[in-house]
Amino acid sequence: MAAAAAALLLAARRRASWACGSSSPALAAGRAVASGSSPALAAGRELASASGGAAAPPSLDALVDALRASGVLRSERVADAMRAVDRAEFVQTFAGVPGGVAYRDVPAPIACGQHADSPSTVARFLELLVAHVRPGARVLDVGSGVGYTTACLAWLASPGGGVLALEKQAKLVARCRAAIKASNRELLENGALDIRVVNAMAGAQAGPPPSGRSAVGGGRAQRGRRAPSRAAPPPAAADPPELAGAERFDAIHLGASVVDVPPRLVELLKQGGRLVLPLGAMHGAAPQVLVAVDKAPDGRVVRSEHGPIATRIAPLTAVADDTRPWAPRPLAGARPRPAVRCRSAPTPHFPASSEPAVVKAPGPAPPAAPGVTDYIAGPYGSGRLADSSTEEDEDVLEVPTLRHLLEPRPSPFALDNNSGGGFVGDRDKIRLHTVEFESTESSGATCATGENNTFDEDTCLVLPEWSIRSGPRKTIYFNPETVTAAIVTCGGLCPGLNDVVQNIVFTLTDYGVPEDQILGIRYGLRGFYEREDKPVTLTRRCVDGIHLKGGTMLGTSRGGANIKEIVRRIDLWGLDMVFVVGGNGGNAAANAIQQEVERQGVRCVVAGVPKSIDNDILLVDKCFGFDTAVEEAQRALLAAKVEASSGYKGLGIVKLMGRSSGFIAMQASMASGVVDVCLIPEVPFSLDKLKEHVKNVLDKKGHAVLCVAEGAGQDILAAGSSATDASGNAILADVGTWMRDEFKRHFKGEADVKYIDPSYIIRSIPTTSNDRIYCKVLGQGVVHGAFAGYTGFTVGLVNTHYVYLPIPVIIQAPRKVNPKGRRWNRLKTAINQPDL
């Protein structure tokens, strides 16, 4: 894996892409640290021009063809392996990387502040190993990272062989498993790939470097230092169980850099086997080099070098907390890094005694360990001050920026310190992970291991530890007086659309954007290019009071949009900021606009505000308008209660919105306190069991109320149907009327069945007070993010804090009710609903 240096290379790639698609920055960086005569780098230059340009959409086949044309890729088997293992599943789908990076010759971000190696680097590793990794071969991969190279090796060793992959960071292992399940599930099912969370090098320290060189530190605290000499090496620790007494391997791949060849890995080679690894310090003038170590049939060890590596690969570490790079000798005098952000292989912990914990009386706090700050709670909130040593390699969900193209300037709010409230720092971050489960048996522990143990395998996302905090920055990157902005609302109606539009306009003008430079796009994305729907100018006066009305003053529409034409208009009108208020489809369109803007070199921020009446946006605690919809939905449920309780064996059926997610039905049922049965799309049911349960409720209470989400029961009603609407959503069968008719037939006049369908009423009303406040903060936050230079992001509430999220992450799948989660369980126990 390429580490922090790769982030700089990616930033360089973005700068290059804006300036007409120059060659790969990874290879350009390689030229700076290696001689221009290097064959590997010369081949890389050819590859950059073949695969790094922006003229043609990147693809897996185009990438492999470019690698072959450059001479980096020579073996047909390696080419087949790189075609069979889709790199996009490992670096793009899960990390929110802008589209196309997966198929370009650049490192790509994954997690834990790490980056996946560039395809040309992977190809060079595989080429050196392919002769030793034949079907039936036994392969060891140490420091497997996100697992792209690992999967290629497993493909080469199949059938009959396999790869034992050892990676100490549990988050990367979970990401690897999820990626391989999406890309090459058969490798896991046929045993060709065994991935384990193991600190493989904990026992690998085996004496001083054979070459006699000093070990050079590669961690943040040790940069540029050399380890002091020692009289004797520390005693070697035992191998992990996976390597203790293990059979020898035909091939070994080391995915992290070392300053000398680890003797223990050489011992694990079979005679005739080969070890391939990156050699060299993480920092320094000399480039890292690709090294092959061969164990001859007579036991002799032969080492050969195969040219410099264009990127820097992160060092191998021997400890679970990543405090220092692994080397034949330990480093001394280094300041440890602060709290671990990426969990490694867990260490067993046993309490000192079985006595209950004692709360200490207030008093002076003990001194904090170097580099570690305490988490503090007080009357105005809580938090922890970041340590200055954690600036690089932080495990943060990255958001693209245009800052490299813009000129920084003080915020207009800096004169009074933002009205005395201060500013948000660029390194302020919000934790994405708030729950640590004891085991997969814990309630709600779906996806805790990276594998979904319920019904939908596509909604397990392995994410970094932190996200970027939303809010005003002291430094901005646009001159407000010259900014031209546009606002567009997309998709179906939702309470709060007018509130968001209003507060975007208010915040833009607060920054100093002239009112005649704020455009409202009419009737969705089509308003960018439809001649009859001209944009309107949005002033403070024209948006004043619109929050008191439902719907959207701009109008909206569904359906596909001409992205290239939209970007042409963005360029023609000189727009600096485009704000897209929409759901999964609207944010997907915003992501497509962002990619096309970048491809064409148009300097414009594209930002989203997540809107969904179904509350089905990934990661976000709730979407604006959801609370309002739930409040209105209760009116229908209370009416059904009155109807049902007023008749003889009355049954009130209410159908609520919720195509693929049952949040409205679940939340309204819980809040109303009158529902006896709730049916949602996430939980299948048997009609016979449902009828039996309703009959039991009627016999016991004399009446019953049934709430059903519109997407429930579609497996019974619309089996085999593939019809879709203009937005690509499946056209649902009417489960409400079907259920009404089924119960009327079932009870044959012995029950009084009433059916209520509030339909669009719950989405076309003004917001309640909570939603109104939420919309204000979202409207302000998205403008703050745009002026901070961020792009391709959406703003939302995550774990009760406002954050910026890269759009590709939230549009991968709809958020759903967890059938094994606490919220659904609370409702079931509250209304005594059995499994149906």
Side-chain angles (χ1 to χ4, degrees), residues 1-3 6 85 87 89-91 94-95 107-117 121-122 125 129 138-154 157 162-184 187-188 192-204 218 239-244 246 249 251-258 262 264-265 268 275-278 282 313-323 325-326 340-347 393 395 448-451 460 462-465:
M1 295 178 294
V85 180
R87 187 172 186 251
E89 295 293 346
F90 294 81
V91 301
F94 296 98
I110 42 176
C112 308
Q114 302 294 329
H115 287 68
D117 292 337
T121 300
V122 173
F125 274 108
L129 288 169
R138 178 175 165 79
V139 183
L140 174 65
D141 190 3
V142 176
S144 55
V146 78
Y148 173 60
T149 306
T150 313
C152 291
L153 288 170
V163 175
L164 173 61
L166 307 180
E167 167 58 52
K168 68 174 187 155
Q169 292 182 345
K171 181 172 294 187
L172 292 182
V173 171
R175 182 186 295 279
C176 176
R177 287 175 179 155
I180 292 174
K181 285 178 68 175
S183 174
N184 303 86
L187 296 178
L188 295 173
L193 187 52
D194 183 6
I195 315 166
R196 304 187 188 183
V197 182
V198 174
N199 189 2
M201 298 310 295
D239 278 335
E242 286 76 6
L243 296 181
F249 295 91
I252 300 177
H253 168 251
L254 182 56
S257 63
V258 290
R264 179 58 180 141
L265 293 185
L268 289 171
L275 160 66
V276 175
L277 54 96
M282 177 65 188
I313 296 178
L316 183 68
T317 57
V319 287
D321 61 357
D322 289 346
T323 57
W326 183 85
V340 180
R341 294 172 296 278
C342 249
R343 290 192 62 83
S344 302
T347 302
D393 294 340
D395 189 23
T449 61
E451 298 181 9
C460 265
V462 184
L463 296 169
E465 193 78 9

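Taking CG from L166 and CG from L254, the interatomic distance works out to 11.0 Å, rounded to the nearest 0.5 Å. Atom NE2 of H253 sits about 11.5 Å away from atom CG of L265, to the nearest 0.5 Å. The OH atom of Y148 sits 10.5 Å away from atom CG of D117, with the distance rounded to the nearest 0.5 Å. To the nearest 0.5 Å, atoms CG (L164) and CG (L193) are separated by 9.0 Å. Atom CZ of R177 sits about 6.0 Å away from atom CD1 of I195, to the nearest 0.5 Å. The SG atom of C152 sits 9.5 Å away from atom CG of L187, with the distance rounded to the nearest 0.5 Å.
Of all the heavy atoms in A154 and A192, the pair that sits closest is CB-O, 3.7 Å. Across all non-hydrogen atoms, the minimal contact from A179 to E89 is CB-O, 3.4 Å. In this structure, A157 and G162 approach most closely via the heavy-atom pair CB-N, 3.9 Å.
The shortest distance between side-chain heavy atoms of L140 and L268 falls below 4.5 Å. Considering only heavy atoms from C-beta on, V85 comes within 4.5 Å of F90 through its side chain. Two residues are said to be in side-chain contact when any heavy atoms from C-beta on lie closer than 4.5 Å; R196 and V173 fail this criterion.
Scanning for side-chain hydrogen bond (donor to acceptor under 3.5 Å, both in side chains) contacts around T150 gives D141, with sequence neighbours left out.
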- Could you please spell out the steps behind the side-chain contact (heavy atoms from CB on, under 4.5 Å) verdict for V139 and I252? CA-CA 6 Å; V139 183; I252 300 177; over 6 Å; no
